[in-house]
Amino acid sequence: MEQEKVIQAKDLKVYYKDHKKNPLSRQHRKQVLKGVTLDIYEGEILGIAGESGCGKSTFAKAIVGMNKDIEGELIQKYGDPQMVFQDPYSSLNPSKKIGWLLEEPLKADKTRTWTKEERKKRAKEILKAIGLQENILDRYPSQLSGGQRQRVSIGVALMKSPKILIADEPVSALDVTIQAQILELLQELHREMGITILFISHDLRVIYQICDHVAVMHEGIIKEYGVPKDVYKNPKSEYTMQLLEAAGIR
Amino acid sequence: MRYILKKVLSMVLTLFVVSLCVFLAFSLIPGDPVTRMFGTEATPELIAQYREKMGLNDPILVRYFRWFVAFLQGDMGISYDYKIPVTGMLAEKIPITFTLAIMSFAIMVIISIPLGIYTAKYENGIIDHVISVINQIIMAIPPFFSGILLTFVFGVILRVFQPGGFVSYTVDFEKFLKYLILPAFAIALPKAAMATKLLRGSVIDEAGKDYTRTAYSRGNTTNGVLYRHVLKNAMIPVVTFMGMALADMVAGSIVIEQVFGIPGISRILLSSINNRDYPVVEAIIMGIAIIVLVINLLVDIIYRIINPRIEVES
Amino acid sequence: MGNIILDVTDLHIEFHDHDLPETVVEDFDLMLEAGEIVGIVGESGSGKSMSALAIAGLLKRHALTKKGKIMFDGTDLLSCDRKTLRSYQGDEISMIFQEPMTSLNPVKKIGWQVEESLRIHHKEIDKKERKRRAIEMMEAVGLRDAEHVYNMYPHELSGGMRQRVMIAAAMIGEPKILIADEPTTALDVTIQAQIVNLLRQMNKDKGTAIIFISHDLSLIRQLCQRVIVMQKGNIVENGNVEDIFRKPQMGYTRKLIAAIPQINLS
Amino acid sequence: MKRFLSLFKKNKATGERNTYLLMGVILTGLILLMVIVGLFYTPYDPTKMDASAKMQGISLRHIMGTDNMGRDVFSRVMYGSRITVVIATFTIIIGAGVGTIIGALAGYYGGMFGEVTMRIIDAMLAFPSILLSLVFVSLFGTGMYQVAVALGISFIPSFARIVRGEFLRCRNMDYVEVARLQGVSDIRIIFVHILPNIVGVLLSSVMIGFNNAVLAEAGLSFLGIGSQPPYASLGKMLSDAQSYLFKRPSYVISIGLVIVLMVLGFSFLGEGIKRIPENK
């Protein structure tokens, strides 16, 4: 079955400023992604695996436009991809109530204006989808547990019904049992809304559980790509083998 | 070494910028210096003649460079009021102000470091509470008022201090130092209170960090952890503060000299501000600026010695 | 039964930081044989780290009450005086922590920190010999170019190297027990595997018993023979790792195991 | 109001009471009361001289005595406090207002602009603030408003630095990234998303700034280059009183005490605000 590509990266190179060098000079750029070619298909969950500093988060940031210093091609079928971050504590503004946080994306929506009633209605819909009660709307993030916060973060990202959701290590900061619940939620949302998910994780087991494809990244390069089961069974690259061994999978 | 060179370079750059700002600020103020010098005696011919002689008709940047180069060579211009070189006017005053600042600094260090460590070690004890209240009060007393109070207590009640009995260092160095003790305390007390509070907070902060747990796990005593591990880390912000405090003390002595009738640079500065005798004001500000910058450089170097992380923080 | 070197019975820990006392560890028992590796597993708030810190005698910061017995070398570490406790700390019982960056003193040289236990407990060893042993130990934990690293500061090393330094510093006194509190959680998977291997090797070479604390059951399965499962301050299950994986007795253990994504490659 | 009162109750979690906040509110309240009452009523006319009542000690008729011209010191203190409070308020409005904006922009945008701004701010901060205000006073001339402006400018750097630090901390928080991804404008992120999170820090710096402003103004007036008669501030009055230290110490000390209490009030408030749990 030929599926449509929603994101195509062709020989994508991304640079960071090197902070050890003089910040006033433009010369010092550090190449973090060294030519990544990767397609993301409509409606799939694509996992990117790799260790810290391998460039997996940089790739995500390049897609959502948080990183502007890029070379190569990055074709996106839809605009406005949304992102969920790792740390459920810093990704919600501590001075705002949950209701306010959920409605904010709609207030900033440039494509249409939402009335107050519409915003409230949408927030309640999303709340239901992420499995939280309505009484949570009047609470502050500090009154929520880590798992609840991560649900809210996902909810905020979903408010404008994006076609693509990027989840950057969304379960790494959570306890294992909570982790399982959030993964379940992501799978459920994927099933019901048909949303494409780019799932970034260092945990090969988690990727195996929920992803349709996996790309293994190392030092800014995609080392291997395929269906998780095949990749784990017959890893072609040395590095993938190392990762699998370290995780006790092989 | 490269670090020090970099700091020296940035200091020179700052000095350059500061001097330019000072010069421009005082040059752009309305009012003609020659008219100011001669007042009602000024005739148009005299003004023209002096303008030419003083180079006032040259472009402002040329005047600036001439002034700056002369300044570096120790020629700070001529006072409008006294018609004598500013350098001579200030030469005997600066050692007085500087001694006062150094004495205040020493008092601050001697008081605050032991107290800061003690109050942190016995956090929330009775002595800690008493000292934090005293600190809070001392910080609320303007230095000139504590100067007045000290004069009152030691001069009027105890009679061990003679107000106004200043002796110059050229006459009797020992008596000179003795006279400066009270003023130095007046300057040092609020800074000592702040430094104590800062060091206390810093030690408590550091003591809560993971590495102290590691130190205990190796079998260190409480004192071992405090003196061998925590203190060096805790001193990092305190060193920065003390550097700024020393600079503040140089300037703060301006006020205290007034209270105790000490003939330092204070009187000259104030009268020249009131009389708009700008060459003198410029010279004093530049003098203090240089002292401040040199202090900053020293602080940077000490900072570098106690904090090896500085390069990564950039 | 082999030679039991540590016997913890009925350990209770209660915090009094707030108005209401809070029980963080209840009825904790642990028997450790010489040279064995025991795992403690649990989620955040399970009391696993608190039990470990209590054994290491490092709970002094909190307002708390402790009850029970921690018998080591004929002494109850819970009730003995501070001086006796200190004589064991770093010499017979050592500990390594989760965050190698913050657990090392940022303004002291690596060598100085590695040598610290020797300096405290073995004053008879002179400076030169201390340095020789430190470098030997640093080489043993796989730090290449140990002479050079000896004079570096923590911020100049990578996370994996820092944890190796922590292990070298903990092992230099050749302790009988090493307590490792989530030593790999802050590290990447490949580095994690290296550190786990290093701990296994230390256990084999020096005969040091290890108490390995982790939230990661699969990691514990790789390293430990025995495991204690904790939840909300209580021991839920206790026994051989493989048995527990195969036949978990309690609901909570089953939930923990189920939360690990299963991989079936065949 | 209920929330405000709850700040003074014992904290249930830690069992501590915020004594600093309570003391701060009481002291500042008393000073403000004196200033406000002074707008409508003073026991005597603060400028009326009375040759028959020179240098009187503390009595029921004159609770702080009279000065060398027979004026009632307490009435003059009520008046002088107003001048001091007005100057300090102006100083803070200028310093905190401009400083917050500069700090917010420099912290949020960073880059070249932030770097250059902070170099200038740091250079200014390296200079003792009294010297900085002296320079500005000598440029603007003496007088109440000139002093307020001079002090205000010299207070900008410290506020800019604090606010920038907070913005740098918040700028890279994930919630700011989230807001950016949702298409929220920069201005809204700065003022609606980030600013509320630093209100605690800002408020406590404003209080500490206030007490520094009172001290700095008093220092300048003491040197004779602050506010000018007939608008004598507390500092100016203390400077005038100093020469009578030996004749009538209570005259000098009572004025000094009012300054101390005013500063203490603000510094207690600042400490108290810092200790409110949400601000930690």
Side-chain angles (χ1 to χ4, degrees), chain B residues 1-3 113 117 120-125 128 199-240 299-314, chain C residues 49 52-53 55-63 82-110 112-122 151-156 162 165-166 169-170 172-173 175 178-179 181 186:
Chain B
M1 206 54 220
R2 256 191 63 201
Y3 173 82
I113 290 184
I117 294 172
K121 193 173 167 187
Y122 299 101
E123 186 192 354
N124 288 331
D128 177 35
L199 180 58
R200 174 186 179 273
S202 178
V203 168
I204 291 171
D205 235 33
E206 290 292 330
K209 290 201 172 155
D210 286 353
Y211 68 83
T212 60
R213 194 176 54 188
T214 313
Y216 279 118
S217 82
R218 308 255 191 277
N220 268 301
T221 58
T222 309
N223 276 337
V225 174
L226 180 59
Y227 292 108
R228 277 193 287 275
H229 286 268
V230 169
L231 198 56
K232 201 172 167 193
N233 284 289
M235 280 307 286
I236 291 171
V238 179
V239 164
T240 312
V299 169
D300 279 338
I301 293 170
I302 295 171
Y303 194 83
R304 159 81 207 219
I305 293 169
I306 62 170
N307 187 7
R309 284 165 297 181
I310 190 131
E311 252 157 343
V312 261
E313 282 166 6
S314 85
Chain C
S49 291
L53 289 173
I55 296 169
L58 293 175
L59 272 182
K60 55 178 289 188
R61 272 195 229 158
H62 304 269
R82 296 247 357 118
K83 206 174 160 215
T84 318
L85 177 62
R86 271 203 305 274
S87 70
Y88 292 122
Q89 284 176 329
D91 198 34
E92 301 282 0
I93 302 175
S94 273
M95 188 157 181
I96 58 175
F97 304 94
Q98 175 170 352
E99 285 289 343
M101 179 67 218
T102 55
S103 298
L104 288 168
N105 191 332
V107 300
K108 297 284 186 180
K109 286 186 177 164
I110 298 295
W112 189 92
Q113 303 196 48
V114 171
E115 287 171 1
E116 186 158 35
S117 320
L118 286 186
R119 211 167 34 241
I120 292 168
H121 298 288
H122 300 280
N151 283 318
M152 286 166 89
Y153 289 98
H155 71 267
E156 297 170 287
R162 285 184 203 128
V165 168
M166 280 296 289
I172 197 162
L178 175 69
I179 303 169
D181 186 4

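The chains referred to below are lettered A, B, ... by the order of the sequence lines, with proteins before strands, and numbering in each begins at 1.
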Distance col, row C:M166:CE vs B:S217:OG, nearest 0.5 angstrom, shows 6.5 Å
For C:K108, does its backbone N or O pair with a side-chain atom of B:K232 as donor and acceptor, under 3.5 Å?
no
* Could you tell me whether the side chain of C:T102 and the main chain of B:D210 form a donor-acceptor pair under 3.5 Å? => no
Check the pair B:Y211, C:E99 against side-chain contact (heavy atoms from CB on, under 4.5 Å), reporting the backbone distance first and the verdict last. CA-CA 10 Å; B:Y211 68 83; C:E99 285 289 343; over 6 Å; no
Regarding C:Q113 and B:H229, do their side chains bring together a donor and an acceptor under 3.5 Å, going by distance alone? no
message: Can you see whether B:N220 engages C:Q89 through a side-chain donor-acceptor pair at a distance of less than 3.5 angstrom?
response: no
How close do [X] and [Y] get, heavy atom to heavy atom, and via which atoms?
| X | Y | answer |
| --- | --- | --- |
| C:L58 | B:Y216 | CD2-CB, 3.6 Å |
| C:V107 | B:I306 | CG1-O, 3.7 Å |
| B:P308 | C:P106 | CG-O, 3.7 Å |
| C:I120 | B:R218 | CD1-O, 3.8 Å |

Test side chain to side chain contact (heavy atoms under 4.5 Å, CB included), reference C:N105, set B:V230, B:T212, B:N233, output is B:N233
Worksheet item: Side-chain contact, heavy-atom cut-off 4.5 Å: B:R213 with C:L53?
Response: yes
Pair count under 4.5 Å, heavy atoms only, with chain B: among C:S94, C:A169, C:G173, C:P154, highest is C:A169
